[in-house]
Amino acid sequence: MKIEADKIKRREILTELRNFHKKDILFSGGKVLSSMCTKPLKIAEEAQKIFKETNLGDKRISEGATEIEKICIRQVGKFLNLHNPYGFITSGGTESNILAIMEARAGRTEKNNGRMAENAKEEIIVPETCHFSFDKISFLMGIDVRKASADKNFCVDLDAVKGLINKNTIAVVGIAGNTEYGSVDDIEGLAQICRAEKIYLHVDAAFGGFVIPFLKKLKYNVRNFDFGIEGVDSIAIDPHKMGMNIIPSGMILFRKEPKFSVGVSYLGGKHERLLGTSPAGPAAGCYACLKFLGEDGYIKIVKECMENTKYLSEGLKNQGTQILNPVMNILNFNIRKEIYNRLVETGWIISKTSTGYARIVIMPHTKKAHIKKFLNDIKQLMENAKNKKRVVDLSD
Ligand code: 0PR
């Protein structure tokens, strides 16, 4: 009796959940044109299930998962030009950026030349175009976040960075794959400044980390950003964005062994992560993606995203729309407000940047057929607007 009742209960709960899920918009529908996540690989979902009860935050009972994490960090280190990396699998770019700035703080007496007064407020310098996670870091860590202006290509201005450095600066941040524009800061220039000033340099490649290395293999002209540049101390890179892994999964890689940790005697020593209990499923998913795709698989994915980005940009240009030349699979263009609003009303998930451009991220779930439909909808709306205007003109 009890078994039958439980079965019915389970079925009811799952039906309720499926009904909630129907309200969510899935990537496979093709309408999501401005998200940095995508439909994960099937094998990543399967890998996650194997590790559903494993807690990476407790090394005593996660030896296997801890090994997986190390292998993933080492493999991604290879993509980022570092042969003996340290690091963690995190919940995403936000957590990785927090860990980087925590590390800058932990190592500040060594870096920063010991210049900072004991009670002064720490400062970090970020590009004004940085992700909003740095505003959270400011609130959370009580750090002053100084924003350096960007040039016309939405890359940080090196002179502005230099001008903001003072004895309280504990870190400088550069972006490789800007959230709104896909631009890549001059990391070599930033590294030169940071080396001279002995300041920690963190690169936020949450999005671009799984794009730029493969763009280079495809002979695209894109800036260097990785550990091959002397002076880069850490890089954030997200498997749950272009890495094809399940949500949530980020990664932080350090050049040197991180200094931050807290002591926890009942867990057998020290704890170095930000989160306590940490899911091992995303680490397993990451392992599966890296192994299943390999470098060639990632190259193929990036190639297709870039071809589709080109297809969209050519289509828009042919319709007379002004676009910004894309650095990667993020496209910005000018569009009239009414048309933008109509596109949103008809279900397209697109977004607008702080400077007023429409912003599209061409992820692996976006296929040519979806772009064709999108272009067609824009064309239709432009024609409607023209016809409406003509009617108004005639009645004038
Ligand atoms: N750094 C950069 C450069 C980012 O673009 C992002 C997120 C982060 C850090 C923070 O990463 P997490 O969100 O993993 O903590 N960029 C996307 C954004 O804010 C995140 C996103 C992804 C938003 C998918 C919506 C979405 O559907 O746009």
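Because the structure is a prediction, the values reported are computed rather than measured. All ligand and atom numbering here is 1-based and tracks the order in the structure.
Residue-to-ligand polar distances keep Glu95 apart from ligand 1: every N/O pair is separated by 3.5 Å or more. Residue-to-ligand polar distances keep Ala206 apart from ligand 1: every N/O pair is separated by 3.5 Å or more.
For ligand 1, the atoms closer than 4.0 angstrom to any heavy atom of Asp238 are 11 (O), 14 (O). Taking every non-hydrogen atom of Arg359 and a distance limit under 4.0 Å, the qualifying atoms of ligand 1 come out as 28 (O). Close approach of ligand 1 to His240 (heavy-atom distance below 4.0 Å) involves ligand atoms 14 (O). Atoms of ligand 1 found under 4.0 Å from any heavy atom of Cys37, numbered from 1 in the order shown, are 22 (C), 24 (C).
Protein heavy atom closest to atom 28 (O) of ligand 1, with residue, atom name and distance, is Thr179 CG2, 3.6 Å. Here the protein heavy atom with the shortest distance to atom 15 (O) of ligand 1 is Thr94 OG1, 2.6 Å. Protein heavy atom in closest approach to atom 24 (C) of ligand 1: Ser35 OG, 3.2 Å. In terms of protein heavy atoms, atom 13 (O) of ligand 1 is closest to Lys241 NZ, 4.0 Å.
The backbone N or O of Ile175 lies less than 3.5 Å from no partner atom in the side chain of Asp204, so there is not a single donor-acceptor pair. Under the 3.5 Å distance criterion, the side-chain polar atoms of Asn55 are matched with a main-chain donor or acceptor of Ser278. In this structure, Arg255 contributes its side chain and Phe227 its backbone to a donor-acceptor pair below 3.5 Å.
Residue pairs that meet the salt bridge (charged side-chain N to carboxylate O under 4.0 Å, His left out) test with at least one member in residues 32-42, sequence neighbours left out, are Lys42-Glu45.
Taking Glu46 as the reference, nothing meets the salt bridge (Lys or Arg N to Asp or Glu O under 4.0 Å) condition, with sequence neighbours excluded.
Side-chain atoms of Lys22 and Asn19 include a donor-acceptor pair closer than 3.5 Å.
Look at Lys136 and you'll find every heavy atom at least 4.0 Å from all atoms of ligand 1.
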